[in-house]
Amino acid sequence: QVQLVESGGGLVQPGGSLRLSCAASGINFSAYAFFWYRQAPDKERELVATITSGGSTNYVHSVKGRFTISRDNAKKMVYLQMNSLKPEDTAVYYCKTSAGPWGQGTQVTVSS
């Protein structure tokens with residue numbers, strides 16, 4: 001069965017960086033697009049970044065120029081490099097693909 005496990009979250013000061021990782025198993029990894037979503041307290045889940053099977057990327061306007069999504073097909077890993085973090089980036093971040101269920105997410109807190 002498909003499993004996605006997110007890691008790499010934590011507490012960081014405004015302006016800092018974090019790299020989130022998503023380990024996938026049970027899936028023909030290279031054939032699928034992957035997504036990073038986030039959900040802040042009392043807000044709906046939001047699509048943050050997309051990477052297609054061919055490596056094309058897309059971002060929500062609020063993170064363009066600050067976040068970078070990437071993938072390593074050999075390792076079955078998806079990453080989200082987050083730079084110049086802001087307090088409004090605070091949320092639980094989830095990795096997702098159409099082939100599988102939601103993972104447990106990883107908490108990102110941006111605060112001084």
Side-chain angles (χ1 to χ4, degrees):
Q1 73 216 40
V2 179
Q3 188 175 19
L4 301 174
V5 179
E6 303 94 336
S7 62
L11 173 64
V12 63
Q13 292 188 343
S17 298
L18 282 174
R19 188 176 85 150
L20 306 184
S21 298
C22 172
S25 59
I27 187 174
N28 181 12
F29 184 89
S30 61
Y32 287 90
F34 283 84
F35 314 92
W36 282 101
Y37 284 80
R38 67 185 178 187
Q39 188 166 20
D42 299 323
K43 291 191 176 181
E44 294 195 355
R45 198 166 291 186
E46 173 188 39
L47 176 60
V48 174
T50 301
I51 187 164
T52 68
S53 58
S56 297
T57 59
N58 198 20
Y59 302 91
V60 68
H61 177 74
S62 59
V63 308
K64 280 183 179 178
R66 300 189 298 122
F67 290 13
T68 303
I69 187 171
S70 61
R71 62 191 295 158
D72 185 330
N73 289 342
K75 295 182 178 179
K76 296 188 177 183
M77 295 290 294
V78 183
Y79 305 101
L80 186 67
Q81 178 67 44
M82 306 187 296
N83 299 328
S84 303
L85 282 161
K86 305 176 181 180
E88 51 264 42
D89 296 317
T90 295
V92 178
Y93 284 72
Y94 300 89
C95 176
K96 188 70 171 73
T97 181
S98 61
W102 293 98
Q104 85 288 350
T106 186
Q107 175 71 49
V108 172
T109 303
V110 185
S111 174
S112 55

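Using a 4.5 Å heavy-atom threshold, the side chains of T97 and I27 count as touching. In this structure, the side chains of R19 and T68 stay at 4.5 Å or more apart for every pair of heavy atoms. A heavy-atom distance below 4.5 Å is not found between the side chains of F35 and C95. The shortest side-chain heavy-atom distance between S70 and Q81 does not fall under the 4.5 Å cut-off. The shortest side-chain heavy-atom distance between P14 and P87 falls under the 4.5 Å cut-off. At a threshold of 4.5 Å between non-hydrogen side-chain atoms, the residues E88 and T90 do not count as touching.
Going from atom OG of S112 over to atom CD of Q13 covers 7.0 Å, rounded to the nearest 0.5 Å. Here the straight-line distance linking atom CD of Q107 with atom CD of E6 works out to 12.0 Å at 0.5 Å rounding. Between the CH2 atom in W36 and the OG1 atom in T106 there is a gap of 7.5 Å [rounded to 0.5 Å]. In this structure, SG in C22 is found 6.5 Å from CZ in F34, a value given to the nearest 0.5 Å. Taking CZ from R71 and CZ from F29, the interatomic distance works out to 4.5 Å, rounded to the nearest 0.5 Å.
Without hydrogens or angle criteria, Y59 side chain to I69 main chain gives a donor-acceptor distance under 3.5 Å. Put simply, the side chain of E46 never gets that close to the backbone of R38: no donor and acceptor are under 3.5 Å apart.
Under a hydrophobic clustering in which Ile, Leu, Val, Met, Phe, Trp and Tyr are joined whenever their side-chain heavy atoms come within less than 4.5 Å, directly or via other members, V108 and F67 fall into the same cluster. Taking hydrophobic clusters as Ile, Leu, Val, Met, Phe, Trp and Tyr residues chained together by side-chain heavy-atom distances below 4.5 Å, M82 shares a cluster with V60. If you chain together hydrophobic residues whose side chains sit under 4.5 Å apart, V78 and V63 fall into the same group. With hydrophobic clusters built from ILVMFWY side chains whose heavy atoms lie under 4.5 angstrom apart, Y93 shares a cluster with V12.
The shortest non-hydrogen separation linking Q104 to L4 is OE1-O, 4.1 Å.
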Mind listing the side-chain donor-acceptor pairs of residues 48-58 below 3.5 Å, one per line with the distance, residues two or more places apart or on another chain?
residue : atom : partner : partner atom : Å
T52     : OG1  : G54     : N            : 3.3
T52     : OG1  : G55     : N            : 3.2
T52     : OG1  : S56     : N            : 3.0

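Note that R45 lies in the cation-pi zone of Y94, set by a 6.0 Å cut-off to the ring centre and a 45° limit from the axis.
Centroid-to-centroid, the aromatic rings of W102 and Y37 come within less than 6.0 Å.
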TODO: Before giving the answer on side-chain contact (heavy atoms from CB on, under 4.5 Å), spell out for R66 and D89 the whole-Å C-alpha distance, their side-chain angles and the decisive distance to 0.1 Å.
DONE: CA-CA 11 Å; R66 300 189 298 122; D89 296 317; 2.8 Å; yes
